[in-house]
Structure formats: C-alpha cells, structure tokens
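Notes follow the structure.
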Amino acid sequence: MMLKLFNPPVSGGRLLAALLLAGLLAACDAAVPQPELGVARAKADQCVEPTGDMRRNHMQYLLTHRDETVIEGIRTTQHSLVECVNCHVAPVRADGSAVHYPDKDHFCASCHTYAGVKIDCFQCHADRPQVMDNPDYPHPLSANRYHQLASGGGTTVSLSDMLAVSGMGSGSTAGEVRP
Amino acid sequence: MSDGLQQVPQRNQVDAYRRHFMAAVTGAATLATLAPGVILREASAATRPDVTARPPEQPATSVVRWGMLIDTARLGDGGAAMVAACRREHGWGHDPRASPEQQPQWVRTVRVTDKLTQHSFTLPVMCQHCEHPPCVDVCPTGASMKRADGIVQVNKHICIGCRYCMMACPYKARSFVHEPLTDQRPHSPRGMGTVESCNLCVHRIDTGRIPACAEAAPQAVIFGDLNDPDSRISQAVQALGGTQIRADLDLNTGVRYLNI
Amino acid sequence: MSNTAIVYREVGEGRGFYLLLVLFGAVVAMGALAFFHLEHEGHHVTGMNNQIVWGLPHVFAIFLIVAASGALNVGSIGTVFRKPLYQPMGRLSALVAMALLLGWLVVLVLDLGHPDRLIVAMTHYNFKSIFAWNIILYNGFLALAGFYLWTMMDRQLKALYPYAGFAAFSWRLILTMGTGSIFGFLVVRQFYDSAIMAPLFIAMSFSFGLAVFILVLYAGFAWTRRPLGDVVLNRLRYLLAVFIGAALFLELMRHLANLYVTRRHGVEQFILSDGGIYTQLFWVGQVFLGALVPLSLIFCRRLVGNRLSLLVACVLVILGGFAQLYVILIGGQAYPLELFPGATVESTFFDGQISRYAPTVWEWMLGLGGVGISLLLVTVGVRVLRFLPVSLADEVLDSDDS
C-alpha cells in the first residue's frame with residue numbers, strides 16, 4: 001500500500017528524466033579542458049598542419065608515418081612523433097619536476113584523458129624531450145633561444161626552422177610548409 | 001753434457017735450425033697480426049666514408065647491405081667498450097624491476113673455451129643480422145622484419161610480445177622488456193611487452209653515422225656496405241675472410257668475426 | 001541392438017550446478033586478477049625471463065589446445081568412422097572441444113606482452129610462420145566445431161553432418177600437427193627441431209583429449225544421476241589405452257632418434273638423467289604416472305570394469321600430460337643454445353648455462369584460470385542446451401559388436 005505524501009505536478013518518471021537531462025547539459029558545458037599549448041606556442045604560431053586538421057587527423061598522420069619510418073626508413077620530420085614531443089612537451093616544469101604522460105599537464109594527456117582514448121605510444125616512445133644525458137640535444141632551438149622565448153623575449157620561430165632539425169639529415173625541409 | 005766435440009757442431013746446427021724456425025714463425029705471426037691493421041689503416045685512408053647519410057624522404061633499399069667485421073684479437077677488452085656504448089646509446093641494462101635473468105642485453109661479451117685445446121677468446125655477440133633470419137620466419141605478425149638494406153629489427157608497433165622469435169634465434173640476440181619503462185632514448189624507443197634487439201643503430205645509419213659499438217672500438221670494428229666492393233668492409237672481408245658464428249646454419253650473417 | 005532413439009536433455013537446476021558455477025567462477029576470477037596484475041606490472045612478476053621465455057602459462061595453454069583437439073575425437077569416431085556407439089556422445093564431444101579451445105585462447109592471449117594487440121595478430125599475418133598458421137587453424141577449428149555441433153543439433157542440417165564431421169576431423173589433425181610444429185620447426189633448439197613433434201602431438205592429443213572427455217562424461221552423468229553403462233565406458237577405456245600406448249611409442253622413437261645423433265647427446269643426457277626436475281618429471285611424471293600406471297590400471301585383470309580405476313587412470317594421464325609438456329616446453333628451453341659447438345661458453349647473458357625457472361603464483365593463477373573457463377563453459381553449456389543424452393545405459397545404445 002503506497003503512502004501518497006504529495007501530488008507532484010508531473011509524473012515521477014518524467015521529472016527524473018528532466019532533472020537528469022538538465023544535469024547532463026550543465027555538466028557538459030563545464031570545464032572542457034584545453035590542451036596544454038603553452039610550450040608549443042612559445043616556439044611557433046602554427047603547428048606542422050592546420051589546427052583543425054591536426055585535431056581530426058593527428059592519429060592518422062602518426063599511424064602512417066610510423067610505418068614509413070620503421071619499415072622503409074623514411075625519416076622526414078613533419079609527422080615525426082619525436083618532433084611532436086620536442087615541440088609540445090617541455091622536459092621539466094617551472095619547478096624542475098619532470099613531465100610525463102601520466103601527468104595531467106602533459107600535452108597529449110591533457111586531451112586524451114578527457115576524451116578517454118588510451119594511447120600506447122609512450123609505452124615505448126619517450127614522452128618528453130631528452131636533455132638530461134645530452135645537453136646538446138639536437139632540438140631545432142638551442143637552449144638559449146628556447147629560454148629567451150619562454151621568458152617572453154625573442155622572435156617567433158618559422159616553420160622551416162622547426163622542420164630543419166639538426167642531425168636528422170641534410171636539413172632540407174620535408175613536406176609542405178603551410179602558413 | 002760430457003759429449004765429445006762431435007756433439008757440439010750438431011747441437012749448434014739444431015740451435016741454428018731452431019733460430020731460423022722461430023724467426024720464421026715469429027715473422028709470420030707478426031705479419032698475420034699486423035696485416036689486418038695495415039689493411040684497416042690503408043682502408044681507412046680511403047676517402048669514401050663507411051656510411052653516407054640518406055636524405056630523410058628516401059627509403060632504404062636493397063642496393064645496400066649493412067655489415068660489420070669485428071676482429072676479436074684487436075679488441076683488447078673482449079668487446080666490453082662496445083657493450084657499454086650500446087647501453088648508453090639505447091638506454092638498456094638498468095631496468096629497475098627486472099631480475100638479472102630478465103634484464104635485456106642487446107649485446108654481451110661471450111668467453112669461449114674450446115673443450116679439447118682449452119684455447120679461449122672473448123667476443124661481443126649481438127644480433128647477427130642474418131640474410132635468412134629465423135626470427136623473421138617465425139614471427140606471426142611480421143613485426144620481426146628485415147629492412148630492405150639488411151637490418152633485422154622488431155617493428156614494435158605490431159609486436160604482440162609472443163616471444164616466439166626469442167625461441168628461434170640461434171644467437172639469443174633478442175630480449176623481452178619485462179616492466180614499464182620511462183625516459184627512453186627518443187631515437188631508440190623501447191617498451192614493456194615488446195621484444196627488442198640490436199638494430200645496428202638504424203637511427204645513426206640513416207643519418208650518416210656508424211653504430212655506437214663500432215664507434216667505441218674503431219681499432220677492431222669495421223662497419224659498412226657489404227654490397228659495395230670498394231667499401232672498407234668489403235675490402236677487409238675479401239682480404240681477411242670473416243667467420244660467422246654457427247656458419248653451419250647457413251644464415252649468411254651480416255656480422256662477421258676475425259680470430260674466432 | 002537397440003531401437004530406442006537417443007534423447008538429449010538439458011541438465012536440471014540444482015545446488016550442485018550453482019556450486020560448480022561458484023567454484024569455477026572463483027578460479028576464473030583469480031585468473032583475471034592475475035592477468036590484470038601482469039598487464040599492469042609487466043612480466044617481471046613472472047618467473048619467465050630472457051632464457052626461459054615460455055613458462056607455466058604456456059604449459060597450460062598447450063595442454064588445453066592439445067586436449068581440445070583430442071576431445072573432438074569421440075565425435076569424429078562416431079561421424080567419420082561411423083561407429084554408432086560413439087554417436088550419442090558427439091554433441092558433448094564438440095562442446096568440450098570448443099570449451100577447451102576457448103580456455104587455451106584466454107590463457108595464451110592474456111600472457112602476451114601486448115594482449116591489446118590481438119586485433120593486430122588477427123589482421124597481420126606472416127604466412128611463413130607456423131604460429132600465424134596456428135592462429136588461423138585454431139579459430140577455424142572453433143568455427144568448424146561449432147558448425148559440426150550445429151549439424152548435430154539442428155534437424156534441418158542433418159544432411160551436412162557427415163561432411164561437417166569429416167571437415168572437423170581433418171582440420172583438427174592439421175591443427176595438432178601445427179601445434180607440434182611450433183616446436184618442430186625451431187631448428188636451433190636441440191630438443192625440438194624434429195618432424196616427429198607433429199605426430200607426437202597428435203598422439204598426445206588423442207590421449208589427453210580422451211582422458212578429459214571421460215572425466216567430463218562421467219561427472220556429467222554421475223552428478224545428474226543419469227545412467228552411464230559399462231559398454232560405453234569400457235570402449236572408451238581401451239581406446240584410452242591405445243592412445244596412451246601411441247603417445248608413449250612416439251616419445252620413445254623421438255628419444256631413440258635423438259640418441260643416435262652425437263650432437264644431441266648433451267640434451268638427451270640432460271633430460272634423461274642430469275636434468276634434476278626435468279628428469280624427475282620425465283620418468284616419474286610422464287612415463288611412470290602418465291603412461292605405465294594408467295595402462296596397468298586399465299588392463300589389470302582384477303580391475304576389469306572398475307570405474308574408479310578408469311577415472312584414476314584419466315587423472316594420471318592428465319597429470320602425466322602436464323609433466324610431459326613441462327619437460328618439452330621448459331626443459332627444451334633450459335638447455336643452453338650451442339653458440340660454438342665443441343666449446344664451452346660463458347657470459348653475462350647466461351650463455352652456456354642450464355637456465356633456471358621457477359613459476360610464480362601469478363602464472364599458476366593465469367593457467368588455472370584458463371582451465372576454469374573451460375570447465376565453466378562446459379557446465380553452463382550442458383545446462384542451457386541439449387548436449388547430454390538422458391541415458392547412456394547399455395540397453396539404449398546401438399552397440400556395434402565387432
């Protein structure tokens with residue numbers, strides 16, 4: 001025997017559904033994390049591909065390029081994961097602590113944890129540029145220049161600079177340079 | 001000896017023979033020891049570099065076949081410097097959680113002692129980069145592969161970690177990564193659950209440098225293109241030969257040794 | 001001769017059924033726990049290393065697949081060889097075969113370094129690799145056994161029953177040859193490298209598969225209080241003896257042939273006398289307990305018709321099978337590779353040494369989890385579908401006295 005305590009204006013089931021939907025909408029709008037672009041923006045205005053293109057297709061570029069590199073030995077830098085990491089990830093934070101993929105402020109993790117897409121790249125690949133053992137690590141920007149830019153000084157780096165990675169070949173720009 | 005004067009000239013003659021014999025043997029031995037060095041030095045005087053950088057957009061082709069000649073007699077430390085250089089270059093050997101038997105070893109020094117003669121030597125053993133690699137034959141996904149230029153490597157993107165290639169390799173060249181890794185060398189990715197082995201430092205070869213181990217022992221190791229008759233290594237193997245480990249398996253290895 | 005049609009019925013509900021579910025479910029849960037631990041921590045938590053690369057989970061896995069192939073035998077004898085006595089057991093035979101195969105699949109895939117790349121293994125094939133062929137063969141076997149089962153259970157497909165049976169039978173012979181060849185094709189391992197591995201594994205599959213099947217059959221009938229006659233049990237009993245003998249004979253041939261090769265004296269001495277645990281498992285586990293004792297239990301005059309002796313024989317055959325696979329798998333890897341024939345070698349990579357292996361609890365859990373999955377599937381299967389005949393008493397059977 002049910003005890004009726006009050007008369008709801010709408011039936012219980014519909015009310016519940018409405019409340020849930022409202023809650024969902026509110027939650028969806030709340031705090032979609034932006035990827036950690038600070039590190040990269042300090043080096044260049046634009047990624048190797050247009051931003052929208054990258055958002056949709058970066059996985060395809062990586063999947064195609066990895067086969068080219070491993071199986072055929074093609075080492076162009078435009079879609080190289082190593083170069084993505086070089087540009088987008090700083091090896092340490094301001095306080096000197098290391099940045100790794102499991103951390104929320106790692107560039108890749110900042111989107112991938114939100115999207116819920118597990119990647120296994122960094123099971124094998126280094127998730128930050130390596131400077132520890134090798135201070136002369138062949139990054140396109142020398143240590144001085146990078147620090148200059150990070151602290152606000154210096155000029156923006158051109159795309160051709162980014163692509164011309166020392167030690168990775170004749171220095172010819174591979175792939176199209178897009179504005 | 002109380003032998004008469006007659007014995008003295010005979011003994012002198014024997015001594016003389018002995019002297020001549022020892023001189024001849026010593027001379028031959030010196031020649032044999034110095035000859036490789038002479039050839040190496042002459043060859044290194046050649047202007048052609050061992051490895052030429054390939055433009056990044058150009059794929060590897062079978063025009064080239066990379067090989068390595070190691071003279072164990074000139075190593076001095078049996079290859080320990082080569083092993084150390086490889087560890088530095090690729091970052092293996094100090095996986096924190098693996099037991100000693102689980103530690104990867106891309107190259108190691110092996111001390112060999114013949115059972116009958118007790119003659120012994122030490123040599124560095126790594127992936128031999130066979131022309132007919134058993135590991136490539138048995139890999140179910142094709143992750144264990146031979147690149148067009150002869151380098152045998154693991155495509156870790158499609159390696160499922162079944163370890164069958166490790167069973168098949170005659171040289172025990174392959175290792176399995178038993179734990180999660182971090183801070184890998186960017187040019188040498190390695191990770192948990194995949195199999196790895198010496199890849200002749202492909203990242204160096206493609207950009208015009210020789211492997212780290214060859215660089216660490218330049219007096220004993222020649223690296224180069226076996227398909228090029230004018231390369232230093234081709235001249236060396238033509239003049240001095242070069243033994244394969246387990247030549248009976250007919251795998252036509254790219255890594256050859258002298259004085260084993 | 002009986003004119004009664006065989007009636008199949010699902011197993012009824014009862015406390016025993018739920019008890020089995022809980023028991024097998026717990027074993028499966030432990031296997032899952034082991035898998036998650038392995039996936040997270042990496043293989044350093046196992047006893048497997050760079051010298052012994054395949055360990056206890058693989059012993060379980062190979063046993064399961066070999067038994068799976070053999071379990072279908074009973075059905076095949078009924079279908080392909082047209083023996084009416086075996087035909088009522090065909091459905092159960094196919095069920096047990098498929099369940100054991102799924103148990104194999106689970107153990108093997110979960111032990112991979114990258115189980116998440118199973119789809120890669122299904123889409124990238126190196127056709128020179130016998131391992132790749134095995135993946136195709138095992139999945140095909142699952143499909144064929146399923147189809148065979150369908151032709152047995154669906155009247156509309158009865159016409160296809162002989163063809164399905166023949167296809168399943170041939171396929172499983174090729175499959176077991178493939179399993180044996182995983183080892184037989186390894187040229188460089190002195191304990192493997194032999195064409196006899198393929199027929200040896202076929203003989204082992206007959207033996208292990210039938211032993212498992214007899215135990216499942218007996219349990220299925222005893223625990224549901226369905227009559228199981230002596231005629232069928234005796235027929236299976238002597239069939240098991242034939243298979244045990246065949247496996248023993250081929251193993252004997254293998255060792256005799258190896259002993260003729262001077263180069264293999266080292267490994268044979270290791271397995272047959274110097275190998276510590278491997279020698280003990282070979283002689284006591286595989287030969288004595290796994291073959292000689294079961295044969296005497298089956299043939300002893302005082303035990304004729306004795307059901308307990310048959311069941312004990314089956315259990316011993318299974319244990320002996322595990323011992324045999326342990327010796328083959330682990331013993332074959334423990335013996336060092338010969339880098340320089342005629343010389344001793346030593347290195348930091350344990351060259352020239354007999355490799356040591358001690359399985360950890362995680363490997364036991366993973367392996368037993370696979371067994372649990374197989375048993376769970378059989379338990380659920382006989383409950384939900386009509387696999388089990390209502391009666392296999394002597395009167396209802398079409399005995400083909402020959």
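Within every chain, numbering begins at 1; the chains are lettered A, B, ... in the order of the sequence lines, protein sequences first and strands thereafter.
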If you count heavy atoms of other groups shown closer than 6.0 angstrom to [atom1] of [X], is the number above 12?
{"X": "C:Trp362", "atom1": "CH2", "value": "yes"}
{"X": "C:Arg356", "atom1": "CZ", "value": "no"}
{"X": "C:Met177", "atom1": "CE", "value": "no"}
{"X": "C:Gln353", "atom1": "CD", "value": "yes"}
{"X": "C:Lys128", "atom1": "NZ", "value": "no"}

Can you tell me which portion of [X] sits under 4.5 Å from chain B's heavy atoms? Options are side chain, backbone, both or neither.
{"X": "C:Ile130", "answer": "side chain"}
{"X": "C:His40", "answer": "backbone"}
{"X": "C:Pro336", "answer": "neither"}
{"X": "C:Glu346", "answer": "both"}
{"X": "C:Ile182", "answer": "both"}

Walk me through it: do B:Arg246 and C:Glu338 pass the test side chain to side chain contact (heavy atoms under 4.5 Å, CB included)? CA-CA 8 Å; B:Arg246 291 303 301 270; C:Glu338 244 193 356; 4.0 Å; yes

So what's closer than 4.5 Å to chain C heavy atoms on [X]: side chain, backbone, both or neither?
{"X": "B:His157", "value": "backbone"}
{"X": "B:Val136", "value": "backbone"}
{"X": "B:Gln103", "value": "backbone"}
{"X": "B:Thr109", "value": "backbone"}
{"X": "B:Asp95", "value": "neither"}
{"X": "B:Leu181", "value": "neither"}

Contact residues of residues 109-119 of chain C (partner chain B; heavy-atom separation under 4.5 angstrom):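 So far as heavy atoms go, C:Asp111, C:Leu112, C:Gly113, C:His114, C:Arg117 are the residues that approach chain B to under 4.5 Å.
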
B:Glu101 side chain to C:Ser355 side chain, donor-acceptor N/O pair below 3.5 angstrom: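 No, no side-chain donor-acceptor contact under 3.5 Å.
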
Looking at [Y], is its backbone amide N or carbonyl O close enough to the side chain of [X] to form a donor-acceptor pair, meaning the two atoms are under 3.5 Å apart?
{"X": "C:Asn126", "Y": "B:Pro140", "result": "no"}
{"X": "C:Asn50", "Y": "B:Gln102", "result": "yes"}
{"X": "B:Gln105", "Y": "C:Thr348", "result": "yes"}
{"X": "C:Ser129", "Y": "B:Val138", "result": "yes"}

For the interface with chain B, which of [options] has the highest count of heavy-atom pairs at distances below 4.5 Å?
{"options": "C:Phe131, C:Phe349, C:Phe127, C:Phe350", "value": "C:Phe349"}
{"options": "C:Glu39, C:Met122, C:Gln51", "value": "C:Gln51"}
{"options": "C:Val345, C:Thr344, C:Val188", "value": "C:Thr344"}

Heavy-atom pairs under 4.5 Å with chain C, option from B:Thr122, B:Asp137, B:Val125, B:Thr194 with the top count: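 The answer is B:Asp137.
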
Based on non-hydrogen pairs under 4.5 Å, which of B:Asp114, B:Thr113, B:Val110 is most in contact with chain C?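 So the answer, after comparing B:Asp114, B:Thr113, B:Val110, is B:Thr113.
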
CZ-CD1 distance between C:Phe340 and B:Ile245, expressed to the nearest 0.5 angstrom: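 So the gap between those two atoms works out to 4.5 Å.
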
With rounding to the nearest 0.5 Å, note down the distance linking NE2 in C:His44 to CE in B:Met192.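 It is 8.5 Å, given to the nearest 0.5 Å.
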
Candidate pair B:Phe176 and C:Val53, rule side chain to side chain contact (heavy atoms under 4.5 Å, CB included), full reasoning: CA-CA 8 Å; B:Phe176 183 63; C:Val53 306; over 6 Å; no

Pair B:Arg111 + C:Asp351, salt bridge at N-O below 4.0 Å: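 Result for this pair is no, no salt bridge flagged.
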
Inter-chain contacts: residues 160-173 of chain B against chain C, heavy atoms under 4.5 Å: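 Listed by number: B:Ile160, B:Gly161, B:Cys162, B:Arg163, B:Tyr164, B:Met166, B:Met167, B:Ala168, B:Cys169, B:Pro170, B:Tyr171, B:Lys172.
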
